[in-house]
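Remarks on the structure that follows.
Quick caveat, the model's predicted, so the values are computed rather than measured. When reading the values below, keep in mind they use all heavy atoms of this one structure, side chains included, and skip hydrogens, waters and symmetry mates.
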Amino acid sequence: MTVTIRPLDGKQTAGLEGQLKAVFAEAFAEPPYGEGPADVERAFRRFRSQVRRRGFRAVVAFDGDTVVGMAYGYPLSANTGWWDTLTDPVPDDLRREDGKRTFGLFELAVRPKWRRQGVATRMHHALVEDLDNARVMLNSRPEARAAQASYRAWGYQRVGSAIPWEGAARHDVMVLDLL
């Protein structure tokens with residue numbers, strides 16, 4: 001297997017929606033996620049607006065013509081509601097956004113067959129290198145031990161917990177300082 005990592009803009013990423021849905025469905029069907037078709041559709045309703053956001057960037061992993069992984073996000077706006085989903089109090093300075101301070105990493109997924117080969121690490125590095133943002137923030141399920149271990153190895157620190165949308169499980173909010 002030779003996996004290549006390609007940076008993509010929003011339009012290019014949108015053009016891969018069907019293949020990215022397949023990655024999401026396969027990657028998040030397993031425990032602890034247990035995501036099904038309704039979850040995939042909900043995620044990709046958000047995806048269609050996310051790819052149009054200012055500063056959107058993605059990296060996609062390919063094995064030949066097969067999409068095997070994805071990572072994407074965009075800078076949080078000055079009036080983001082992301083911090084409003086926190087269940088733990090955090091200092092006001094941590095919550096402060098100006099439209100450039102924080103890059104939100106909204107999805108990072110690798111199909112099971114391609115895991116433990118460094119694909120996620122390569123995608124993460126390609127996504128965050130050269131960002132002008134001061135930090136990267138993501139949400140991760142605490143029981144997703146492999147993902148949590150990767151995030152910690154990459155330098156992320158847990159800053160609190162959140163319920164990112166109604167009906168969602170509790171997620172850890174993690175931040176990687178880039179400066």
Side-chain angles (χ1 to χ4, degrees), residues 1-37 39-48 50-51 53 55-76 82 102-133 135-158 164 168-169 171-178:
M1 278 184 263
T2 303
V3 174
T4 58
I5 308 297
R6 297 183 196 155
L8 303 175
D9 63 21
K11 186 174 182 178
Q12 293 166 318
T13 306
L16 293 174
E17 180 176 339
Q19 293 180 71
L20 298 176
K21 274 182 161 179
V23 171
F24 185 98
E26 193 174 323
F28 294 114
E30 301 177 327
Y33 309 103
E35 304 267 326
D39 302 299
V40 174
E41 289 308 313
R42 183 189 67 247
F44 279 83
R45 277 193 302 273
R46 287 189 311 263
F47 168 84
R48 291 177 198 116
Q50 290 171 328
V51 296
R53 297 293 296 256
F56 177 91
R57 64 192 293 174
V59 293
V60 176
F62 291 86
D63 186 352
D65 293 331
T66 303
V67 175
V68 301
M70 63 181 179
Y72 60 81
Y74 56 84
L76 300 183
W82 194 336
T102 305
F103 183 85
L105 175 53
F106 290 98
E107 293 296 347
L108 191 150
V110 178
R111 288 181 148 158
K113 180 179 172 184
W114 286 269
R115 290 185 186 150
R116 304 207 185 289
Q117 299 175 39
V119 175
T121 300
R122 290 174 53 210
M123 286 192 309
H124 180 266
H125 179 73
L127 186 68
V128 304
E129 74 180 346
D130 301 326
L131 280 176
D132 292 333
N133 311 90
R135 62 187 185 177
V136 179
M137 184 170 67
L138 59 81
N139 288 342
S140 175
R141 297 271 298 268
E143 62 274 22
R145 288 186 169 85
Q148 288 272 339
S150 292
Y151 300 141
R152 285 190 302 276
W154 299 336
Y156 285 85
Q157 295 183 348
R158 182 184 178 279
H171 287 65
D172 286 341
V173 178
M174 303 181 82
V175 173
L176 171 66
D177 287 319
L178 297 176

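- For the pair Met137 and Val173, the minimum side-chain heavy-atom distance is below 4.5 Å.
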- request: Under the side chain to side chain contact (heavy atoms under 4.5 Å, CB included) rule, what do Phe62 and Leu16 come out as? Steps first, then yes or no, please.
  value: CA-CA 11 Å; Phe62 291 86; Leu16 293 174; 3.9 Å; yes

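- Looking at every heavy atom in both residues, Gly10 comes nearest to Phe56 through CA-CD2, 3.5 Å.
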field: Intermediate values then yes/no, side chain to side chain contact (heavy atoms under 4.5 Å, CB included), Val136 and Leu131
entry: CA-CA 9 Å; Val136 179; Leu131 280 176; 3.9 Å; yes

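- No cation-pi contact links Arg135 to Phe103, judged by a cut-off of 6.0 Å to the six-membered ring centre and 45° from its axis.
- Put simply, the side chain of Arg111 never gets that close to the backbone of Gly69: no donor and acceptor are under 3.5 Å apart.
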task: Carefully, step by step, assess Phe106 and Tyr72 under the rule ring-ring contact (aromatic ring centres under 6.0 Å, His included).
output: CA-CA 6 Å; Phe106 290 98; Tyr72 60 81; 7.5 Å; no

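- Judged by distance alone, the side chain of Glu17 and the main-chain N or O of Ala14 form no donor-acceptor pair under 3.5 Å.
- For the atom pair Arg116 CZ and Thr121 OG1, the distance stands at 11.0 Å (nearest 0.5 Å).
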task: Show the numbers, then the answer: is there a side chain to side chain contact (heavy atoms under 4.5 Å, CB included) between Arg42 and Val40?
output: CA-CA 5 Å; Arg42 183 189 67 247; Val40 174; over 6 Å; no

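- Here Gln157 contributes atom CD and Met174 contributes atom CE; the two are 8.5 Å apart, rounded to the nearest 0.5 Å.
- A salt bridge between Arg46 and Glu41 is absent, with no side-chain N of the basic residue lying under 4.0 Å from a carboxylate O of the acidic one.
- Atom-to-atom distance recorded for Leu8:CG and Thr13:OG1 is 4.5 Å, nearest 0.5 angstrom.
- When all heavy atoms of Ala27 and Val110 are compared, the closest pair comes out as CB-O, 3.7 Å.
- Using cut-offs of 30° and 60° on the angle between ring planes, the pair Phe47 and Phe44 is tilted.
- One finds the CG atom of Asn133 at 12.0 Å from the CG atom of Asp177 (value rounded to the nearest 0.5 Å).
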- prompt: Is there a side chain to side chain contact (heavy atoms under 4.5 Å, CB included) between Leu127 and Leu105 once you walk through the steps?
  reply: CA-CA 9 Å; Leu127 186 68; Leu105 175 53; 3.3 Å; yes

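- Using a 4.5 Å cut-off on side-chain heavy atoms (C-beta onward), Leu138 and Tyr151 make contact.
- Minimum interatomic distance between Asn139 and Pro164 (heavy atoms only, all atoms of both residues): ND2-CB, 3.6 Å.
- With Asp63 contributing its side chain and Thr66 its backbone, the two residues share no donor-acceptor pair below 3.5 Å.
- Remark: side-chain polar atoms of Gln19 are not paired, donor with acceptor, to backbone N or O of Gly15 under 3.5 angstrom.
- In this view, Asp172 and Gln148, Arg158, Arg170 satisfy the side-chain hydrogen bond (donor to acceptor under 3.5 Å, both in side chains) rule, not counting sequence neighbours.
- Taking every heavy atom of both residues into account, Pro112 and Glu26 meet most closely at CD-OE2, 3.4 Å.
- Of all heavy-atom pairs spanning Glu143 and Pro32, the tightest one is CG-CB, 3.2 Å.
- Counting only distance, with no hydrogens or angles, the side chain of Arg57 and the backbone of Gly73 share no donor-acceptor pair below 3.5 Å.
- Put simply, the side chain of Val3 reaches to within 4.5 Å of the side chain of Val68, judged on heavy atoms.
- In this structure, Arg145 places its CZ atom where only 12 or fewer heavy-atom neighbours from other residues, nucleotides or ligands lie under 6.0 Å away.
- Among all heavy-atom pairs drawn from Trp114 and Val119, the shortest one is O-CG2, 3.7 Å.
- Taking CD of Glu129 as the reference point, atom CG of Leu178 lies at 11.5 Å (rounded to 0.5 Å).
- Among residues two or more places apart in sequence or in another chain, the ring pair (Phe, Tyr, Trp, His ring centres under 6.0 Å) test is passed with His171 by Trp165.
- Taking the side-chain hydrogen bond (donor to acceptor under 3.5 Å, both in side chains) definition, one finds that Arg122 meets it with nothing, sequence neighbours left out.
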